[in-house]
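Working notes, beginning with the structure itself.
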Amino acid sequence: MSGVDSGLRPALPARANRTLASDLAERLRTDILHCHLKPNARLLFRDLRTVYGSGMSPLREALMRLASEGLVVLEDHKGFRVAPVSRGELTDIAETRCELEGLAVRLAIERGSTEWRAAIEARFTELSECPTYTREGRLDPEWEMRHDAFHRSLYAACGLRWLTSFCQVLAERAFRYRHLLLEAVDRTRDHRQEHEAIKNAVVRGETTLAVSLLQRHYTKTVETLLAHCRDLA
């Protein structure tokens, strides 16, 4: 199967309240976001059934779900393929994320409680205690989980479910580019200092500074990726 990493993830434990299609969609989503399934890769049923140990019906349902999320593309008479990537989409994701998370953080600072601020401090501490990269130079999975939890905590008190959902979708899309362009990441950056500055501004209620620091944190990553990945269409 073109563009597929042979080291795909093992099956998830079965859960009584989850269908086969749901578990399969989660596995496929994870492999797409981690770029084990490469952008534009053809998703042939015969190969996917072998790799994922799945029947045809749950596999088709899982792919249709991912197509509705924009992670998979269904082409007439050609079947499914992994959604492509581009410089334009990377920029679009970053700019939209800056605007929406900026709004979410503003609302969270306005509405947040003492417990919310304490949760941010806790997520920052957890993130700071974990190394960013493994010995092999890959992003540490535990760090990624804590990083996501920290950023979600910043706007958790915004009070708008749809806004929170959109922010998380954009974070997921940005995650795929981070893995695709991992070699271009600036590993000399002091991520801890950047996160601490954002955390302090949010906890202190310094809205303008907090939003500015958060947006700069995102745009700096995108600028680095674009500067070092000129072959990205």
Side-chain angles (χ1 to χ4, degrees), residues 3-13 15 23 25-39 41 51-52 66 69 71 82-83 85 89-90 93-94 97-98 101 105 118-156 164 167-203 213-229 232:
V4 180
D5 183 343
S6 60
L8 296 174
R9 311 312 96 189
L12 295 172
R15 304 176 190 176
D23 283 332
E26 185 173 326
R27 292 175 63 198
L28 285 162
R29 181 185 296 105
T30 297
D31 286 330
I32 290 171
L33 294 177
H34 284 81
C35 295
H36 301 303
L37 289 168
K38 305 297 184 184
V51 172
Y52 292 93
L66 295 176
E69 297 176 19
L71 290 174
V82 179
V85 294
E89 184 188 52
L90 174 57
I93 290 170
R97 190 181 185 192
C98 283
E101 286 199 27
V105 167
I120 294 175
E121 294 280 7
R123 300 296 83 75
F124 171 74
T125 298
E126 292 167 357
L127 177 61
S128 301
E129 292 173 347
C130 188
T132 305
Y133 299 102
T134 65
R135 292 181 178 178
E136 295 75 27
R138 297 179 178 273
L139 283 171
D140 188 287
E142 181 65 27
W143 181 88
E144 289 186 294
M145 292 177 59
R146 297 185 187 193
H147 181 256
D148 181 57
F150 169 72
H151 276 279
R152 283 190 282 110
S153 74
L154 297 175
Y155 55 80
T164 298
C167 288
Q168 291 175 359
V169 168
L170 291 166
E172 185 177 83
R173 297 304 189 272
F175 180 95
R176 182 160 79 126
Y177 278 90
R178 189 162 69 237
H179 274 268
L180 178 68
L181 307 174
L182 182 60
E183 295 306 315
V185 173
D186 180 4
R187 304 194 181 196
T188 66
R189 277 178 68 180
D190 190 344
H191 289 95
R192 187 187 188 286
Q193 187 279 328
E194 291 181 29
H195 289 137
E196 185 171 23
I198 295 168
K199 181 265 295 182
N200 288 341
V202 172
V203 170
L213 289 172
L214 179 66
Q215 293 177 338
R216 181 55 187 155
H217 178 67
Y218 291 148
T219 56
K220 187 174 181 180
T221 297
V222 173
E223 288 168 358
T224 301
L225 296 181
L226 291 175
H228 290 82
C229 297
L232 188 64

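The model shown is predicted, which means the values in this text are computed figures rather than measured ones. Positions are given from 1 along the sequence. The analysis underlying the following values was restricted to heavy atoms, covering all of them including side chains, and did not include hydrogens, waters or symmetry mates.
- To the nearest 0.5 Å, atom OH of residue Tyr177 and atom OG1 of residue Thr221 are 15.0 Å apart.
- Rounding to the nearest 0.5 angstrom, the gap separating the CD atom in Glu26 from the CG atom in Asp23 is 6.5 Å.
- Considering all non-hydrogen atoms of both residues, Thr164 and Tyr155 come closest at CG2-CE1, 4.0 Å.
- Considering all non-hydrogen atoms of both residues, Thr134 and Pro141 come closest at CG2-CD, 4.4 Å.
- One distance of note links OG1 of Thr125 with CD1 of Ile120; it measures 12.0 Å at 0.5 Å rounding.
- Rounded to the nearest 0.5 angstrom, Arg176 CZ and Leu37 CG are separated by 10.0 Å.
- Remark: side-chain polar atoms of Arg27 are paired, donor with acceptor, to backbone N or O of Tyr52 under 3.5 angstrom.
- Scanning both residues, Cys98 and Thr219, for their nearest heavy atoms gives SG-CG2, 3.9 Å.
- Side chains of Leu90 and Arg173 form no contact here, defined as non-hydrogen atoms less than 4.5 Å apart.
- By the 4.5 Å heavy-atom criterion applied to side chains, Asp148 and Glu144 are not counted as neighbours.
- Atom CD1 of Ile32 and atom NZ of Lys38 lie 12.5 Å apart (nearest 0.5 Å).
- The existence of a salt bridge linking Arg146 and Glu142 is confirmed by a sub-4.0 Å separation between a basic side-chain nitrogen and an acidic carboxylate oxygen.
- Salt bridge Glu126/Arg123: present, at least one basic N to carboxylate O contact under 4.0 Å.
- Note on ring orientation: taking the six-membered ring where Trp is involved, the planes of His217 and His151 are parallel (angle under 30°, cut-offs 30° and 60°).
- Glu172 has its side chain within reach of Arg29: a pair of non-hydrogen atoms, C-beta onward, lies under 4.5 Å apart.
- Taking the side chain as every heavy atom from C-beta outward, Tyr218 and Gln215 never approach each other to under 4.5 Å.
- Closest approach of Ala197 and Leu213 over heavy atoms only: O-CD1, 3.6 Å.
- One distance of note links CG of Leu71 with CG of Leu33; it measures 5.5 Å at 0.5 Å rounding.
- The pair Glu223-Arg216 counts as a salt bridge, with a side-chain nitrogen and a carboxylate oxygen less than 4.0 angstrom apart.
- Counting all heavy atoms, side chain and backbone alike, Asp140 lies closest to Cys130 at OD1-SG, 4.0 Å.
- Among all heavy-atom pairs drawn from Ile198 and Leu154, the shortest one is CG2-CD1, 3.8 Å.
- Ring geometry for His36 versus His34: interplanar angle under 30°, hence parallel rather than tilted (30 to 60°).
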